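Just so it is clear, the model here is predicted, and its values are computed rather than measured.
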Amino acid sequence: MREPILKAVSMPPKVFWAPMLPMVVNFAVQMAIMMMIMGAFPGQVNPLVFIVTFLIVHIGLVVYGVKEPHMSKIMQSQGPFLMPSKNVYRCRGNKLAS
């Protein structure tokens, strides 16, 4: 096996010690909320409030990322599995075979 593959599996990408995908989602959500609130209330909201909330959530991601370093891959794998499955035979509930 090549070394880059082993390195990618053993050391998932991190940004400031937080897993990559949850950090990007946190940043996108925080920026969207900040733009909407600052657009709705121009000149009344201090953007430093959003930096503080971003840091609080980022610290939480760092703490949880230490416990579960492959959180990005877990989030990526949830996408295909959240779709409902089709039953092979007619029955109630989700069963692939009986």
- Query: Name the one of Pro22, Pro12, Pro13 that satisfies side-chain contact (heavy atoms from CB on, under 4.5 Å) with Ser72?
  - Reply: Pro22

- With Val15 via side-chain contact (heavy atoms from CB on, under 4.5 Å) - residues at least two apart: Met20, Met23

Donor-acceptor pairs are to be reported for all side-chain atoms of residues 54-68 against protein atoms at under 3.5 Å, with residues two or more places apart or in another chain.
from, atom 1, to, atom 2, distance (Å)
His58, NE2, Phe16, O, 3.1

Side-chain donor-acceptor distances from residues 28-47 under 3.5 Å, at least two apart:
from, atom 1, to, atom 2, distance (Å)
Gln30, OE1, Thr53, OG1, 2.9
Asn46, OD1, Leu48, N, 3.2

